[in-house]
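Worksheet for the structure shown next.
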Amino acid sequence: MWREKGCFQSAINSQGVVVDEKKHGKNPYVISIPPPNVTGRLHMGHALNNTFQDMLIRYKRMDGYDALWVPGTDHAGIATQTVVKKMLDAEGIDYRELGREKFIEKIWEWKQKFGGIILQQLEKLGCSCDWDRTRFTMDEGLSKAVVKTFKTLFDEGLIYRGKRIVNWCPVDRTALSDDEVETKEGGEPGFLWHIKYLYADGTGHVVVATTRPETLFGDVAVAVNPKDERYTKLVGKNVILPLQERVIPVIADEYVDMAFGTGCLKITPAHDPNDFEIGSRHKLEPINVMHEDARMNDVVPERYRGLDRYICREKAIEELKKKGLLVLEEERMTPIGRSYRSKAAIEYRLSDQWFVKMKPLAEKVLEKHSELNIVPQRWNKVYLEWLHNIRDWCISRQIWWGHRIPAYYCVRDQSLKTKDQCQEACPPIVSETMPEKCPHCGNTNIEQETDVLDTWFSSSLWPMSTLGWPEETPDFERYFPTTTLVTAKDIIFFWVARMNMMSVHFTGKLPFKNVFLNPVVLDEKGETMSKSKGNGIDPLVVINGSTLEDLKHPVMEARPSNMKEIIKRLEKTFPEGFEGVGADALRYTLIYLSSSGQQLKVSLNSFQDLGRRFMTKLWNAARFIMMYVEQENEKGDSVSIDFTAHITDEDKWIHTRAQLAANKVRECFDNHDFTNLGQHYYQYVWNDFCDWYIELCKVRLISDDAVQRKTALHNLITAFAKTLIILHPLIPHITEELWSKILPLGDKNELWGSARPTTEILMQASFIEKRDIAFEEQVILERFECLKEFVSDVRTLRKSYNIKEAQNLSAHAYALDDAAKHLLAQSQATISRLAHISDLTVLKNRDEKPGRTVAIIHKSYEIYLDVSEYVDVEKEKARLSKEIQKLDNHIVSLNKRLQNRSFVENASSEVVAEQRESLSANKEKLQKLEQLLTDIASW
RNA sequence: AGGCACGUAGCUCAGGUGGUUAGAGUACUACCUUGACAUGGUAGGGGUCGCUGGUUCGAGUCCAGUCGUGCCUACCA
């Protein structure tokens, strides 16, 4: 419905045409979505992240901004390639045999079919993106942006190609950036093997400790620390590499830690980044011993060739043992880097890769840092830390799916097949289009680089490229820089920092003003949700529901160690499956649980307990109002009423509370502080509107006086309309539906008066203006507090004597201040109803209070309840004594404080006055209570 | 190894710039079902604010230390 009516459109549509003049005059508010992977399926993290964005964009839209939320997906190089590869595997097709072009075609086919799923899921969640502007990182325009960026950075010397040690994933057979490698805290169980390397001159041996014996075939030296006296005389000597019998030198290098292992380090430059550095310092040629898939290559002795690295390790150890060269096998936790995608242990591999020189880019971003508002603020530190210790970014990936690097090699000699060899001939040519001939030698046989770019390279341009950059489109002119980025903390480096770099470098501006980092969604035990643990909660299950079987499915798939237990619990908790609670309940629950930006624990139950409960309550409140409106309609008294003339205190009160709620909600949105947002909503809807206001209105709704009834209905419906407006950004579906119901209903019965909403669609209504509370409203609030306390006091007392509600009581009340006086004069009927008092007498004079009554002494009023028949004198004495005791303690502490000269001298005069006032009021109350105690003794 | 956060009621969490007797939701207990809602209402019990010191007239709040938990970065042949 919203989409059909163009509710998600900004002032300029996707074609660049101004479609809304009025909005066009307003300030833009722009969010570009963190593009989910095109292979992605909605998970709780997405649900939370996008709920925040939708809330903000809806709020700003209602608040009159020209709001634009740009959606899209990213091509997720390795992930997508893997998905399609597996699909082809299942069909018995080997993607390598298929060839690059055919494979890419297959991926596009797949994307056409399934690539839109996650966006549809977002729409289901209620996301009010401008779907006409949906982008994909491999779109033509966005690809052009990538090529242009690459070319420019290369020309500026900020992109270079070089032979480096990179993180290599042997499963996906590609390089990975440092950020794509994760190391488990504390390492993983492994061994440190101590191996004898014999001197070449046969005079003895050294012992080298290593965790990776299979790489010894790539050793080019043994290094010791020059300060290590144990080994100084060794430097310059030669040793024999075991298993291969190659002769290598002993060298001295500061890097070696004397205290670690034996103090002797084998140097394998092709398989370790530190060794690579040491190797190049000593001008030692690296020796690569593995294929791309981490099988041993032909450099190693024949018996090891073609073996997987781990099998080779086992065989090598066996052989070393046999030869007596293995001195010690020491158990040890070793750090193992793993690909964040394939989870395979990464191999360090020496290869030609493309890099971005990050330091100059980072420096520019640091200069602009004061213009960036990161919320919560503490993430500034993390972000700055990374920028200060920046390392170059390896952007080439040896896969097929992605933006192929716009670099070309001159292939003069057809026999030179590898690109390394080509490069030796002529330097690579970087160009936006395929060059016709080599500018260096004129050769026309040119081939494009086979590597593609890291997906994050295109993502780093996202806020710009989605708006048309590098073209100067109307979109880019008006909507860039964007306003707010909502994302997760774990991609601050991957994404946020890099977007900032690109944007500042190319446009001179940061791509957004605010970065809000949303909390992390965890399961009920506080563990991260993951497929492998089977503890994830599918947002769509929460929305639509699921059978018990489907609930079990992810757990069965993951097979965690406590699977039986989990399954049992599911069977017990959801024997009939899980009944869907809808998108609004999902959204409400997630936001309600979002505390100050830490973590957020959810279970399936929490969606029922928090979200669904709240939606039901709201729904029932609406039902109540609509029911009475219908009834009124049947009565058919068509009197036209000046609603303002008959407005009551409670009407004024609820309108004031609505205003306060709107103010608070605004504050939450404006400050990106959602800590208490859910509670503000809850308190206003549940406590203010339902518990008190609706209850109070009942008196008038059942009255015989049409004016009273209609006035109550008018205020009920107008206050409820405000409630829907305030709630709409968080729970758009239900509020929109109720809006469409109450509008015509109010019209039919002429209940709106001058407060008739001007928009038929709630989403297009204006949010409630921020306004301070006027003095008279403050007075109303105070009176109401008095009323609440009055009623509660009576209820409490009644409970303490087990007097049923059905039993009406008679009471005398005496007012001590203006609020209470007003209350007793105006609201006797409501008080009587809420407190179940049949007969309330207002005392003009305190002395007129009746005997044999139980008293409530309050600072604003005194109530005397005629309950003597229920009262046990001893019990009442005890009650009073207890209260007196409590009060007395308090008075003593107040006294002590006020008698302390330092307090009176140092504390602010206001505080002192407050304490004095409190003391005298409490003393007075104490006196009264003591009097009551004496009185009761004579019952 | 360094950094960041957190530790308040059984559980999940609120508690700007220090100021009466520390709050909410949930769970628990008791009572209440003919008209919005039992997915409800009313009321009640429940906390030495991790621990130890310090600053202060006054500390859940500020400082130092300590213990515990979680996360991040780096690194360990």
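So you know, we letter chains A, B, ... as the sequences are listed, proteins then strands, and number each from 1.
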With the side chain defined as heavy atoms from C-beta on, A:Lys886 is closest, among B:C76, B:U21, B:C57, to B:U21
What is the distance, to the nearest angstrom, from the CG atom on A:Leu677 to the P atom on B:G15?
13 Å
5' priority, RNA chain B, between A:Val791 and A:Phe624 [closest heavy atom]
A:Phe624
Length of the line joining A:Glu277:CD and B:A77:P, which is rounded to integer Å:
15 Å
Using the C1' atom as the reference point in each nucleotide, state the distance between B:A30 and B:C71 in Å, no decimals.
44 Å
Say you pick atom C1' in B:U26 and the same atom in B:G45; how far apart are they, in whole Å?
15 Å
Exam field: side chain A:Ser606 to backbone A:Val602, donor-acceptor pair closer than 3.5 Å
no
Consider the side chain of A:Asn620, meaning its heavy atoms from C-beta on, and name the nucleotide among B:A5, B:A77, B:A36 that approaches it most closely.
B:A36
Whole-Å distance, A:Lys804 NZ to B:C31 P, equals 9 Å
Does a side-chain N or O of A:Lys525 approach OP1 or OP2 of B:C11 to a distance below 4.0 Å, or not?
no
Atom pairs under 3.5 Å: protein N/O with N/O of nucleotides 61-63 of chain B:
none

Closest listed nucleotide, where the reference is the side chain of A:Asn922 and the choices are B:A36, B:U39, B:U21
B:U21
Report which part of the nucleic acid A:Asp691 touches: base, sugar-phosphate, or nothing (heavy-atom distance under 4.0 Å, all strands).
sugar-phosphate
Can any side-chain N or O of A:Arg709 pair as donor or acceptor with the backbone N or O of A:Ser703 at less than 3.5 Å?
yes
Taking the ring centre of each residue, are A:Phe720 and A:Phe689 less than 6.0 Å apart?
yes
With a non-hydrogen cut-off below 4.0 angstrom, is A:Thr210 in contact with a base, only sugar-phosphate, or nothing?
sugar-phosphate
Check whether any side-chain N or O of A:Lys799 sits under 4.0 Å from OP1 or OP2 of B:U42, and answer yes or no.
no
Could you check whether any side-chain heavy atom of A:Phe607 comes within less than 4.5 Å of a side-chain heavy atom of A:Arg613, counting everything from C-beta outward?
no
Is the shortest side-chain N/O distance from A:Asn900 to OP1 or OP2 of B:C57 below 4.0 Å?
no
Judged by atom type as modelled, is there a donor-acceptor pair below 3.5 Å linking the side chain of A:Asn380 to the main-chain atoms of A:Gln377?
yes
Same-atom distance (C1') from B:C76 to B:U56, integer angstrom
48 Å
Where does the angle between the aromatic ring planes of A:Trp686 and A:Phe614 fall among parallel (under 30°), tilted (30 to 60°) and perpendicular (over 60°)?
tilted
At under 4.0 Å between heavy atoms, what does A:Ile694 touch on the DNA or RNA strands: base, sugar-phosphate, or nothing?
base
Between B:G16 (P) and A:Gln377 (CD): distance, integer Å
16 Å
What nucleic acid atoms does A:Phe689 come within less than 4.0 Å of, heavy atoms only: base, sugar-phosphate, or nothing?
nothing
d(CD1, A:Ile625; C1', B:C37) in whole Å:
13 Å
Does A:Ser792 have a side-chain nitrogen or oxygen under 4.0 Å from the phosphate oxygens OP1 or OP2 of B:A43?
yes
Can you tell me if the side-chain N/O atoms of A:Lys601 get under 4.0 Å from OP1 or OP2 in B:U12?
yes
Ranking B:U39, B:U20, B:C57 by distance to the side chain of A:Ala907, first place goes to B:C57
Can you tell me, in whole Å, how much space there is between the P of B:G18 and that of B:G58?
15 Å
In whole Å, I'd like the distance from the CG atom of A:Asp179 to the P atom of B:C72.
13 Å
For B:A1, give the paired nucleotide (Watson-Crick: N1-N3 plus N6-O4 or O6-N4; G-U: N1-O2 and O6-N3; both under 3.5 Å), or none.
B:U73
Nearest listed nucleotide, side chain of A:Thr796, among B:A14, B:G19, B:G44
B:G44
Taking B:G53 as the reference, what is the distance to B:U69 when you measure between their P atoms (whole Å, please)?
23 Å
NA contact type, A:Glu905, heavy-atom cut-off 4.0 Å: base, sugar-phosphate, or nothing?
nothing
Would you indicate, yes or no, if B:A74 has its OP1 or OP2 atom less than 4.0 angstrom from a side-chain nitrogen or oxygen of A:Arg391?
yes
Does the pair A:Arg795 and A:Glu805 meet the rule for a salt bridge (Lys or Arg N to Asp or Glu O under 4.0 Å), with working shown?
CA-CA 9 Å; A:Arg795 284 172 178 166; A:Glu805 276 173 19; over 6 Å; no
Pairing donors with acceptors under 3.5 angstrom, does anything connect the side chains of A:His194 and A:Glu330?
yes
Donor + acceptor pair across side chains of A:Asn715, A:Tyr693 (<3.5 Å)
no
Kindly say if A:Ser800 contacts the phosphate of B:G44, meaning a side-chain N or O under 4.0 Å from OP1 or OP2.
no
Using the ring centroid of each side chain, check whether A:Phe516 and A:Phe674 are separated by less than 6.0 Å.
yes
Could you tell me the Watson-Crick or G-U partner of B:A36, where both distances fall under 3.5 Å? Say none if there is no partner.
none
Send over the distance from A:Glu910 CD to B:G58 C1', rounded to a whole Å.
17 Å
Between A:Glu924 and A:Lys859, does any side-chain N to carboxylate O distance fall below 4.0 Å?
no
What's the CD-P distance between A:Glu883 and B:U21, to the nearest Å?
17 Å
Would you say a side-chain N or O of A:Lys698 is under 4.0 Å from OP1 or OP2 of B:G35?
no
Which nucleotide in the set B:A36, B:A77, B:A14 lies at the smallest distance from any side-chain heavy atom of A:Tyr628?
B:A36
For A:Asp272 and A:Asp275, indicate whether the former's side chain and the latter's backbone hold a donor-acceptor pair under 3.5 Å.
yes
Which part of the nucleic acid does A:Lys617 contact within heavy-atom distance under 4.0 Å: base, sugar-phosphate only, or nothing?
base
For the P atoms, the ones on B:A59 and on B:U42, what distance do you get once it is rounded to whole angstrom?
37 Å
Considering every strand and a 4.0 Å limit on heavy-atom distances, what is the contact class for A:Ser918: base, sugar-phosphate, or nothing?
base
Let me have a per-nucleotide readout for nucleotides 22-28 of chain B, 5' to 3', with B, S or -, counting only protein heavy atoms under 4.0 Å.
---SS--
Pick base, sugar-phosphate or nothing for A:Val904, based on heavy-atom distances below 4.0 Å to the nucleic acid.
nothing
B:C32 and B:C37, which share atom name C1', separated by this distance in whole Å
15 Å
For the side chain of A:Asp228 and the backbone of A:Val224, is there at least one donor-acceptor N/O pair under 3.5 Å apart?
no
Identity of whatever pairs with B:C28 - Watson-Crick or G-U, under 3.5 angstrom
B:G44
For B:C13, which nucleotide is its Watson-Crick or G-U wobble mate, given both distances must be under 3.5 Å?
B:G23
Between the side chain of A:Thr262 and the main-chain N/O of A:Val207, is any donor-acceptor distance below 3.5 Å?
yes
With a non-hydrogen cut-off below 4.0 angstrom, is A:Asn274 in contact with a base, only sugar-phosphate, or nothing?
sugar-phosphate
Taking atom C1' in both B:C51 and B:G68, compute the distance separating them and give it to the nearest angstrom.
10 Å
Side chain of A:His890 (C-beta onward), nearest among B:A36, B:G19, B:U21
B:U21
Can you tell which of B:C76, B:A14, B:A43 lies closest to the side chain of A:Arg795?
B:A43
